[in-house]
Number of protein chains: 2
Amino acid sequence: MKAGRPRSFCTDTALDRAMTVFWRKGYEGASLAELTEAMGISPPSLYAAFGNKEGLFLAVLARYDARRQALMDRVLNAADPGAVARLYLEGVAEFAADTEGRNPPGCLLVQSGLSCSDADIPLALAQHRAEKERALRQRFERDQEAGALPQGADPAALARYLMAVANGMCVQASAGATTKELAEVVEMALAAWPGNKPQLREGSP
Amino acid sequence: MKAGRPRSFCTDTALDRAMTVFWRKGYEGASLAELTEAMGISPPSLYAAFGNKEGLFLAVLARYDARRQALMDRVLNAADPGAVARLYLEGVAEFAADTEGRNPPGCLLVQSGLSCSDADIPLALAQHRAEKERALRQRFERDQEAGALPQGADPAALARYLMAVANGMCVQASAGATTKELAEVVEMALAAWPGNKPQLREGSP
DNA sequence: CGTATTATGTAGTGATCGATACAGATATAG
DNA sequence: CTATATCTGTATCGATCACTACATAATACG
C-alpha cells in the first residue's frame, strides 16, 4: 500500500456532488468556492486529486458515464432496433425530467457548457455525446446486417435522429418540461421509426 | 429632438456584434472586455445604453428575435401544417449549421446559457424558446379547427415535438454537425408527421 | 522508533470579473 | 452666447475568480 496520509473523502461521492453543481450552474457558472463546499473538501484537496477545474470537470464526465452505463447497456441489448429506440428515448425522458430529485432537470452533457470561454469544455461534452451516438449507430449497423433493419435504412441517420430528439428533450426538461410532456414527444418521435405508423392521418378527422 | 451629445454607435450593429460573442462564449463566458471590444464601444457607453450585462443580453435576445422574424413569418404562413413543420425544421437545420459564417454554429437560444450562475438567464432563454413553441402550437390549433389536422391530433404535442427536434439539431450543430447530416434528421423527423409514411418498413430488406 | 510520503486546513496569491467616478466632448434649448 | 443634458474615454473600483505556499497531520516503510 502506498505511503502518506490517506484521502479523507470518497472520490465518487465528491464527484457526484460536483456533478450537481456543474449541472445546475454550468461549467463557468460553478465557482471553486461552490464546488469545494458542495464536495466537503478544501481547495488544496481538490487540486491534489483532480489537477484543476477542467480536470475535475472531466472526472465528473467520466463519473457521469459510469452512472449511466447500466441504462445504456439495457438499451443496447434490447430485442430489436425499435425497442432500442423506445427504451433510449423513454429513458432519457424519465431521466431528464426526473421529479424525484436524484438529478437536476435536463442533462449534464447538454447544459453544462455548449458555449464556453474555454473551447475544451464544449469539445469534451460533444465527445461524450458522440460516444452515445456511436454506440447506437453500431447497434443499428449490426441490426441491418442481421436483417432486423431494411437495407435502405441509414443506421447513422437513425442514431443521429434519436440523439437529436433526446438532446432536444433535455433542453425542454432544463426549462421545466414534465415527464408527461416528454412522453408525448417520445411517442411522436417513434412514429417516424421504420415499420411504425405515423401518429394520425392528416386531413381526415 | 432630445438634448445632449448623440450616441456614437449604431445600437443594432453593436447588438449584432455582442450576439456573436454571447453565441460563441455563452453568457458567463463572454467578458465585458470581449463584449466592449467586439462592439467597438467603451464600458460606460455600454452601461449607459443597456444598464448592465444582463440588460445587454436581454437586448441581444430581442434583436435575435427581430432577425428571425421574417423566417418565422414564412413558416407560420405556410399552406398546411405539414409545410409548417418542414419549413421550420429545414430552416433551423440550415440556420444552425450555417456554413457561410453569418452566425456561429448552433442556436443562441440553446447554447448561450442553459445553466448559469444567474438563473435569470436560462429563464429568459426558455421564455424566448417557449414563444416559438407557442406560435407553432397556435398555428396547429387553427389548422385543427379548420380541419387541416385530424381531431385526434394534439397541437401542443406537435409543436413540442418540432421544438425538441429543432433544439436537438442545434445541439448537434454546435458540435459541428453539417447541413447534410441535419437534413437527414429533418427527413426522419417529418416521417412521424400525421399523414406521412415512416421512413421504411422494418424487417423486409 | 525515525524517515519518507501524501493529504489537509489556513490564509492568501495575482488576475480578471462586472461595474463606475470623473472630466471632457458634443449636442439641444432658450 | 449660456445653461442643460447626454455621451465618451481614461483610469480604476471592490469583489470574486481559479489557484497555491506553507505548516501540520496522518499514514507506510524499514
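Per chain, numbering begins at 1; letters A, B, ... match sequence-line order.
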Kindly state whether the ring of B/F57 and the ring of B/W23 have centres lying under 6.0 angstrom apart.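 That pair fails the under 6.0 Å test.
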Please report whether the ring centroid of A/W193 lies less than 6.0 Å from that of A/F140.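 Yes, the ring of A/F140 comes within the 6.0 Å limit of the ring of A/W193, centre to centre.
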Whole angstrom is fine here: how far is it from [atom1] in [X] over to [atom2] in [N]?
X	N	atom1	atom2	value
A/R7	D/dA28	CZ	C1'	17 Å
A/E28	C/dG18	CD	P	10 Å
A/R5	D/dA28	CZ	C1'	15 Å
A/N52	D/dC17	CG	P	17 Å
A/D118	D/dC17	CG	C1'	15 Å
A/F9	C/dA7	CZ	P	9 Å
B/I121	C/dG18	CD1	P	12 Å
A/Y27	D/dC17	OH	C1'	12 Å

Would you mind telling me which of [options] lies closest to the side-chain atoms of [X]?
X	options	answer
B/S42	D/dA25, D/dT10, C/dG18	D/dT10
B/A3	C/dT10, C/dT28, D/dT10	C/dT28
B/P43	D/dC19, C/dT20, D/dT8	C/dT20
B/P44	C/dT26, D/dT8, D/dA18	D/dT8

Distance below 4.0 Å between [X] side-chain N/O and [N] OP1 or OP2:
X	N	result
A/S8	C/dA7	no
A/Y47	D/dC19	yes
B/S45	D/dC7	no

Reckon A/S31 touches a base, only the sugar-phosphate, or nothing at all at heavy-atom distances under 4.0 Å?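 Here A/S31 touches the backbone only, sparing every base.
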Any base atoms under 4.0 Å from B/F50, or only sugar-phosphate, or nothing? Heavy atoms, all strands. nothing
So does B/R137 pair up with B/E141, basic N to acidic O under 4.0 Å?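 Yes.
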Counting only heavy atoms not in A/Q138, do more than 12 sit closer than 6.0 Å to its CD atom? yes
So is A/R68 actually on top of A/F95's ring, under 6.0 Å and inside 45° of the axis? yes
More 5' along DNA chain D: B/L46 or B/G4, using each one's nearest nucleotide?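 Its nearest nucleotide lies further toward 5', so the answer is B/G4.
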